[in-house]
Amino acid sequence: MEDNKTTWMNSTTEHQLGHKTIREFEQKPVPKEIVTLLFDVARRTASSNGMQQYSIIHVTDQAIKDEIAKVAGQEYIKRTPELFIFIVDQFRNASIAKAKQVEVHHGKDMDRFFQGFTDACLAAQNMVNAAESFGLGTMYLGSILNDSERICELLHLPELTFPVVGLAVGYPGQAPQLKPRMASHLKVFENTYQPLEDYLEAVKDYDEEMQNYYDLRMGNQRMDSFSEQVAAKYQMFMEKRQGLLKVIEKQGFR
Ligand SMILES: Cc1cc2nc3c(=O)[nH]c(=O)nc-3n(C[C@H](O)[C@H](O)[C@H](O)COP(=O)(O)O)c2cc1C
């Protein structure tokens, strides 16, 4: 990590720079007042056009959690104290529009889908920041999209909704290392995009740093270099995930 710690650091940025995904939690509930506060933070988050085109499903039923863990292929999801699924939600506003005798065909397009998708992501990250400020650990779950159709079925998602990401929250039951990140100068450009001359050379230091990171998710093994991880990921293919667009269409979006 680039060392940005300075005397003017405040507690918000300190928490943000100390972010680590937590995958095992203490079996202790998150106080109800904190959960309510997390919902308030999500509710206060900026949203596209002020239309709040997302919803959160708070999964409290262990049987549903177990099924989500199956879809994700991550059994540690069963043990998450609090589990939230963020969804694109155009169903609510479409219902409001219909009640106002307005045709909702524009509510079904990709523009509205992505507005909802962005709203859901921003609300989720705001909740992460708030949760971490209370010493809670968090874990995103993109793995719910391994079978998005099954998630729609499990959560009874109506038309014009779609799952975006899961978020687990609880008191940390593990203390992972801070995972290295690529240097900002490789990801932040001024005015226009700047392709690099030699990508492997550019990530050489980061590759080395990553090899000194021990991943608790992989049984505390040393990680491959970043470029090896990229190469491996680009060779991976999951049939159900390739069919995401079909499920999005099945949910009524065009
Ligand atoms: C959109 C998104 C989806 C993710 N999905 C999963 C997941 O399904 N399972 C998991 O264990 N971690 C998941 N993660 C966590 C990432 O693996 C983690 O953020 C990344 O490896 C960096 O590690 P760190 O958060 O500890 O710094 C996800 C993160 C994001 C942003």
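Counting starts at 1 for both ligands and their atoms, following the listed order. Start at 1 with the first residue, then count along the sequence. Bear in mind the structure is a predicted one, so any value in this text is a computation, not a measurement.
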**Student:** Mind telling me whether F113 and F117 have parallel, tilted or perpendicular rings, with 30° and 60° as the class edges?
**Tutor:** tilted
**Student:** Can the ring centres of F226 and Y213 be said to be less than 6.0 Å apart?
**Tutor:** no
**Student:** Near Y76, which atoms of ligand 1 are under 4.0 Å from a heavy atom of that residue?
**Tutor:** 9 (N), 10 (C), 11 (O)
**Student:** Looking at every heavy atom in both A202 and L196, which two are closest together, and how far apart are they?
**Tutor:** CB-CD1, 3.8 Å
**Student:** Which option wins on minimum heavy-atom distance to atom 17 (O) of ligand 1: M139, Q125, R23?
**Tutor:** R23
**Student:** What protein heavy atom sits nearest atom 9 (N) of ligand 1, and how far away is it?
**Tutor:** Q74 NE2, 3.0 Å
**Student:** Note the single closest protein heavy atom to atom 7 (C) of ligand 1, along with its residue, its atom name and the distance in Å.
**Tutor:** Y140 O, 3.4 Å
**Student:** For atom 4 (C) of ligand 1, find the nearest protein heavy atom and state the residue, atom name and distance (0.1 Å precision).
**Tutor:** G142 N, 3.5 Å
**Student:** Of H15, K20, Q16, H19, which meets side chain to side chain donor-acceptor pair (under 3.5 Å) against E132?
**Tutor:** H19
**Student:** Return the closest protein heavy atom for atom 8 (O) of ligand 1 as residue, atom name and distance.
**Tutor:** S143 OG, 2.9 Å
**Student:** May I ask you to identify the nearest protein heavy atom to atom 18 (C) of ligand 1, giving residue, atom name and distance to one decimal place in Å?
**Tutor:** T21 OG1, 3.5 Å
**Student:** Is Y54 linked to L122 within one hydrophobic cluster, defined over Ile, Leu, Val, Met, Phe, Trp and Tyr using a side-chain heavy-atom separation of less than 4.5 Å?
**Tutor:** no
**Student:** Among protein heavy atoms, which lies nearest atom 21 (O) of ligand 1, and at what distance?
**Tutor:** K179 NZ, 2.7 Å
**Student:** Does an N or O from Y213, backbone or side chain, lie closer than 3.5 Å to an N or O of ligand 1?
**Tutor:** no
**Student:** Which residue and atom name correspond to the protein heavy atom nearest atom 1 (C) of ligand 1, and how close is it?
**Tutor:** V165 CG2, 4.1 Å
**Student:** Is there a polar contact, in the sense of an N or O pair closer than 3.5 Å, between K20 and ligand 1?
**Tutor:** no
**Student:** Assess K108 against F253: is NZ or CZ under 6.0 Å from the centre of the six-membered ring, and within 45 degrees of the ring's axis?
**Tutor:** no
**Student:** Where is the tightest heavy-atom contact between G173 and I22, given as atom of each residue plus distance?
**Tutor:** N-CG2, 4.3 Å
**Student:** As an exercise, identify every atom of ligand 1 less than 4.0 angstrom from a heavy atom of H19.
**Tutor:** 24 (P), 25 (O), 27 (O)
**Student:** What are the two closest heavy atoms between T138 and V169, and how far apart are they?
**Tutor:** CG2-CG2, 4.2 Å
